[in-house]
Amino acid sequence: MFRIEQRTKNKEKKRKFFQTEYVFILFSLFFSLAANAQCAMCRAALAGDSNVKKAQAVNDGIVYLMVIPYLLVGIIGILIYRMYQSKKKKAE
């Protein structure tokens, strides 16, 4: 009897934790603060109208650095999916 009550309490605690987590995630998605952060060296190098090409190059570099981790995770995900599919076909 005690174990059943304890399991029920643990489930309730987990449920409350996940509800709190969902609220936090929704809050952080809908209420974000705009940040105008830039290091002092980048700001000094890119300030002014004469550095338009340099600013574009820095932005392209940032996008390049941002895309690579997503591609790696995607490729690994596809490989794992194919591995599970081939194991599934062999089991049948």
Side-chain angles (χ1 to χ4, degrees):
M1 183 79 169
F2 177 72
R3 289 183 182 172
I4 295 172
E5 291 175 0
Q6 189 174 10
R7 287 182 193 164
T8 307
K9 288 181 181 179
N10 287 340
K11 286 182 181 179
E12 289 176 9
K13 286 181 182 178
K14 287 180 183 178
R15 190 175 300 133
K16 286 181 183 178
F17 174 75
F18 286 120
Q19 288 174 349
T20 306
E21 192 174 88
Y22 290 139
V23 168
F24 177 73
I25 290 171
L26 287 174
F27 180 78
S28 63
L29 285 175
F30 291 115
F31 299 104
S32 63
L33 298 174
N36 294 324
Q38 193 176 35
C39 71
M41 292 178 67
C42 294
R43 183 176 297 182
L46 302 176
D49 294 332
S50 63
N51 294 327
V52 175
K53 288 185 180 182
K54 192 184 286 187
Q56 186 64 34
V58 169
N59 288 339
D60 291 342
I62 291 169
V63 170
Y64 173 75
L65 290 172
M66 182 185 71
V67 167
I68 297 299
Y70 288 108
L71 285 175
L72 290 175
V73 170
I75 290 169
I76 291 171
I78 290 170
L79 292 175
I80 291 172
Y81 176 75
R82 287 183 180 174
M83 182 182 67
Y84 280 122
Q85 290 299 320
S86 66
K87 284 184 179 181
K88 199 178 205 182
K89 287 181 182 179
K90 288 180 183 178
E92 293 175 355

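Of the inter-residue distances, the one linking Tyr81 atom OH with Gln85 atom CD reads 4.0 Å to the nearest 0.5 angstrom. Taking CG from Leu71 and CE from Met66, the interatomic distance works out to 10.0 Å, rounded to the nearest 0.5 Å. How far CD1 of Ile80 is from CD1 of Ile75: 12.5 Å, rounded to the nearest 0.5 Å.
A continuous path of Ile, Leu, Val, Met, Phe, Trp and Tyr side chains, each step under 4.5 Å between heavy atoms, connects Leu72 with Tyr64, placing both in one hydrophobic cluster.
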